[in-house]
Amino acid sequence: MTDTLSIRRVSASPDAYIPISALRSGGPTYAKLVDIGACIGCKGCEVACKEWNDLGVEPTANFGSYQSHRDLSPKTWLLMRFNEVEVDGNLNWLIKKDACLHCEEPGCLFACPAPGAIVQYTNGIVDFNQENCIGCQYCVTGCPFDIPRFDAATRKVSKCNMCVDRVEVGLEPACVKTCPTNAISWGSKRDMLALADQKVETLNARGYENAAVYNPAGVGGTHMMYVVPHGDRLGDYSLPSDPTASPAPMTALGFMKRMGAYLMGFGVLGTLVHFLRYGPERLEEHGGHGDGPAREVPSA
Amino acid sequence: MAERLLTRFTFFERILHWVVGVTFVLLLATGLAFAYPALFWLTALLGGGPSARALHPWVGMLFTAGMGAMLAVWFRDMFLSGTDRRWLRAIRHYATRDTAKVPPAGKYNAGQKMFFWVQGALAVVFVVSGAALWFPAAFGAAFLQWMRLAHYLATLGGGLFLIVHVYLGTVAYPGTARAMIDGTVTERWARHHHPRWHEEQTRP
Ligand code: HEM
Ligand code: SF4
Ligand code: SF4
């Protein structure tokens, strides 16, 4: 229990900053499993999230969907997206529980320039620490799931923190607690993976032969996983089929920053060596530029 | 021994130079703070992380304005001539102080002219990519990541040039920095470093 908040990674901080206790810790690694097939779309989880995290009400309007709000916001960390899709001639709700997936390899954390603004605990939770956030929104561009939301008034970003304050004292997240159909399960990552496999088998037996677990390898797996009945239509669930924590430009940027540090270091060193070799140019010791044969002054 | 002084830069040119210089160094310092966690403390120059992030683009606007004015005021002097091309080929002799083999420079040597054009081009990269990073909500994630790369590469190029620029303008060539302080240089300095300019200036 004491190990649940050991720190695994801290944004913009060399690994050496991480306390040794984290390396020793074999504490539990949690995961949330969302069985989309068992979701009845009641949005109880949305309300529980608002209540526990004291996020307040955001007025909304009917825009022709059962969805409560159009999008996530700094005050709405969880949104049940009601994707209306026709499957085999029938209208289906391919619901997505849209919230932070708590990636094992968090693109948001890798993109963040502010030390300590994003923290990953050994228990798998990725949390934002607004106190250290500088408001650059790099995390928004780094997240392959488009999760963090920027508040223009406070100039800070926020997102689902997996109810870290509940998990810390041994409770499940509020959405898990509230779900009337047990569509959301909570436990160790290992148990949840096993449960997911069972659920997929059950779905297969019911005729959903494409049922699948969503635990994408491109981000090292996630600590919120989904079981989707139509695993062949990830796009229709608004789930990227191939998310990555290290897209090409960011890999290139990381490499160039390393090279750049050497180049700038050698640049400073180079001028120093040049100075030691040649010293200040004294006007009396050398002739002027072009005093030799190269000099061609137009004789005016 | 009172030596004759030549006026090298007007008051206005010096103001422009220092607006660009001071803003560039502030942007470089805070930019490197965002790029390198070990240098994050440099954000203190603009009041800490959040305010450095808020002010960096505004300082960038000042930099852009200064740079724009500088381009307008100096661009005519900065076109490369035939002598300049020969100068660039002889740059090795310039670096090793084999000065007799260096073609005589006018008001600016080819190195200075290249510095001017490169910084001008980099300024465009800075503003374009910086503007995108300033308003990230208006753009896609992949595009912004490429803009981060572009913004960083411009910083690297500009930073390297700045090191050489400062070195040459101060310790390497004594008597140079005053050109940007009181605007004058000695006649001997001018004859030595910019013989053709010296000749123009002293022609009776
Ligand atoms: C000319 C107008 C400029 C604008 C509008 C601008 C704007 C920005 C913005 C909005 C950011 C993101 C802030 C953050 O990382 O928190 C940024 C980052 C940065 N800026 Fe600028 N900037 C400008 C010029 C410059 C200059 C002249 C330099 C260097 C000499 C510079 C160096 C940097 C660096 C190194 C970063 C961090 C890049 C990264 O880690 O991805 N910027 N700039
Ligand atoms: S889903 Fe996005 S915000 Fe959540 S941990 Fe992954 S990268 Fe970060
Ligand atoms: S907005 Fe805050 S949390 Fe996000 S990358 Fe910038 S400093 Fe980090």
### Query
Where does Y36(B) contact chain A at under 4.5 Å (heavy atoms): side chain, backbone, both or neither?
side chain
#### Entry: Donor-acceptor pair, side chain of S11(A) and main chain of I118(A), under 3.5 angstrom
yes
### Task
For each of C136(A), A248(A), G267(A), G135(A), tally heavy-atom pairs with chain B at distances under 4.5 Å, and name the one with the top tally.
C136(A)
### Task
Step through it carefully: locate the ring centre of W58(B), locate the ring centre of F63(B), and say whether they are under 6.0 Å apart.
no
#### Entry: Side-chain donor/acceptor of Q201(B) to backbone N/O of H198(B), under 3.5 Å
no
### Task
Report the option among G140(B), G159(B), A90(B), A95(B) that has the most heavy-atom pairs separated by less than 4.5 Å from atoms of chain A.
A95(B)
### Task
For K96(A) and L79(A), indicate whether the former's side chain and the latter's backbone hold a donor-acceptor pair under 3.5 Å.
no
### Message
Given the ring of W197(B), does R8(B) sit roughly above its face, with NZ or CZ under 6.0 Å from the centre of the six-membered ring and within 45° of the axis?
### Response
yes
### Query
Going by atom types alone, do E104(A) and T222(A) pair a side-chain donor with an acceptor below 3.5 Å?
no
### Query
Ignoring hydrogens and geometry, is there a side-chain-to-backbone donor-acceptor pair from K156(A) to Q130(A) under 3.5 Å?
yes
#### Entry: Close contacts, residues 115-131 of chain B versus chain A, judged by heavy atoms under 4.5 Å
none
### Message
Quick check on A172(B) against chain A: is it the side chain, the backbone, both or neither that has a heavy atom closer than 4.5 Å?
### Response
backbone
### Query
Do the ring centers of H56(B) and W134(B) come within less than 6.0 Å of each other?
no
### Task
For residues H193(B) and Y173(B), establish whether the separation of their ring centroids is below 6.0 Å.
yes
### Query
Between N109(B) (side chain) and Q112(B) (backbone), is there a donor-acceptor pair under 3.5 Å?
yes
### Message
What part of T43(B) gets within 4.5 angstrom of chain A, counting heavy atoms only: side chain, backbone, both, or neither?
### Response
neither
### Query
Are Y167(B) and H274(A) close enough that their ring centres sit under 6.0 Å apart?
yes
#### Entry: Results of salt bridge (Lys or Arg N to Asp or Glu O under 4.0 Å) for E46(A) - residues two or more places apart only
none
### Listed once per pair and sorted, the salt bridge (Lys or Arg N to Asp or Glu O under 4.0 Å) pairs that draw on residues 236-263 of chain A, sequence neighbours left out
R233(A)-D236(A)
### Message
Tell me which of these, V164(B), I163(B), L153(B), has more heavy-atom pairs under 4.5 Å with chain A than the rest.
### Response
I163(B)
#### Entry: Structural part of L32(B) lying under 4.5 Å from a heavy atom of chain A
side chain
#### Entry: Segment of A117(A) engaging chain B (4.5 angstrom heavy-atom cut-off)
neither
### Task
Determine yes or no for a side-chain-to-main-chain donor-acceptor pair under 3.5 angstrom, with D98(A) supplying the side chain and M80(A) the backbone.
no
### Task
Examine whether an atom of F34(B) lies under 4.5 Å from a heavy atom of chain A, and if so say whether it belongs to the side chain, the backbone or both; otherwise answer neither.
both
### Task
Enumerate by number any residue of residues 139-154 of chain A whose heavy atoms lie under 4.5 Å from heavy atoms of chain B; in the absence of such residues, state 'none'.
T141(A), G142(A)
